[in-house]
Amino acid sequence: YEEPAFDLVRLAPAPAEDTAAAFGMGRIGRIEETSRASLFARIKRGLGIDTMLVAGPVEGAVSRVAVAAGSAGDLLSAAVAQGAEVVVTGEVRHHDALAAAARGVTVVCALHSRSERVTLAKLADALGARLRNLPIYVSAADRDPFVIL
């Protein structure tokens, strides 16, 4: 070619670097007051799981819940400081769970992959609705590296 070929494609603007700071990595809010046992059953149903780890109080009413998929990391202490009675996450450090439990906060640990994978089918449906001409697949090969025995 004597003349180079160019494709000019308009790209969506990149998200601001402080997007996580603006919106946060987890959520905290009020639910209709319910027993912890009822909330635990609801979490299991919602995530499609039979087992989860629980630290702290397992009885009593609850109305303020925080959630963080994957690893709660530093979000756990922030949720406790904001008055969360229950924190639902994928994984949490041992001593952080002990500290939260000592303050009367229940920590529900569904395990990392199980707290995230439940959204894959919904995400694929949402993408499929917006990108109608593009096939969307959820990997059948990707698996949680852990097996519960």
Side-chain angles (χ1 to χ4, degrees), residues 9 11-149:
V9 179
L11 301 175
E17 288 187 32
D18 63 347
T19 299
F23 296 107
M25 300 296 290
R27 296 290 179 263
I28 186 169
R30 295 211 173 276
I31 61 170
E32 185 174 325
E33 188 170 297
T34 188
S35 70
R36 279 175 167 81
S38 178
L39 180 62
F40 298 157
R42 185 174 173 187
I43 293 166
K44 287 179 182 180
R45 263 193 323 276
L47 293 177
I49 59 177
D50 296 324
T51 58
M52 58 192 186
L53 305 174
V54 179
V58 295
E59 295 179 354
V62 62
S63 63
R64 190 154 173 85
V65 178
V67 295
S71 175
D74 296 331
L75 299 177
L76 182 59
S77 59
V80 171
Q82 292 181 41
E85 298 164 313
V86 174
V87 178
V88 182
T89 188
E91 63 184 73
V92 65
R93 291 181 296 256
H94 175 86
H95 289 94
D96 292 341
L98 286 174
R103 293 184 65 184
V105 176
T106 302
V107 179
V108 176
C109 183
L111 298 182
H112 194 111
S113 289
R114 299 191 311 169
S115 73
E116 293 177 341
R117 290 177 193 275
V118 68
T119 63
L120 292 178
K122 291 178 183 181
L123 180 58
D125 290 344
L127 287 171
R130 290 182 150 218
L131 306 170
R132 290 190 173 95
N133 296 327
L134 183 68
I136 306 294
Y137 301 99
V138 175
S139 173
D142 184 41
R143 297 271 187 256
D144 189 329
F146 295 100
V147 176
I148 299 171
L149 301 176

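Sequence positions, counted from 1, serve as the residue numbers for this chain.
Cys109 has its side chain out of reach of Ser115: every pair of non-hydrogen atoms, C-beta onward, lies at least 4.5 Å apart. Side-chain contact between Leu39 and Val65 is present, with heavy atoms from C-beta onward closer than 4.5 Å. Considering only heavy atoms from C-beta on, Leu53 comes within 4.5 Å of Leu111 through its side chain.
Scanning both residues, Ala110 and Leu47, for their nearest heavy atoms gives CB-CD1, 3.5 Å. Of all heavy-atom pairs between Arg36 and Thr106, the closest is NE-OG1, 2.8 Å. Closest approach of Ile43 and Val88 over heavy atoms only: CD1-CG2, 3.6 Å. Summarising the geometry of Thr89 relative to Ala72, their closest heavy-atom pair is OG1-N, 3.2 Å, with the distance given to 0.1 Å. Across all non-hydrogen atoms, the minimal contact from Leu76 to Ala97 is CD2-N, 4.2 Å. Nearest heavy atom pair, residue Gly104 against residue Pro57, reads O-CG, 3.4 Å.
Checking side-chain atoms of Glu33 against main-chain N and O of Ser63 turns up no donor-acceptor pair under 3.5 Å.
Between Leu120 atom CG and Leu127 atom CG the span is 10.5 Å, to the nearest 0.5 Å. Put simply, CZ on Arg93 and OG on Ser71 are 6.5 Å apart, with the number rounded to the nearest 0.5 Å.
The side-chain contact (heavy atoms from CB on, under 4.5 Å) search around Ser77 returns none, not counting sequence neighbours.
Applying the salt bridge (Lys or Arg N to Asp or Glu O under 4.0 Å) test to residues at least two apart or on different chains, the pairs with a partner in residues 106-132 are Arg117-Asp142.
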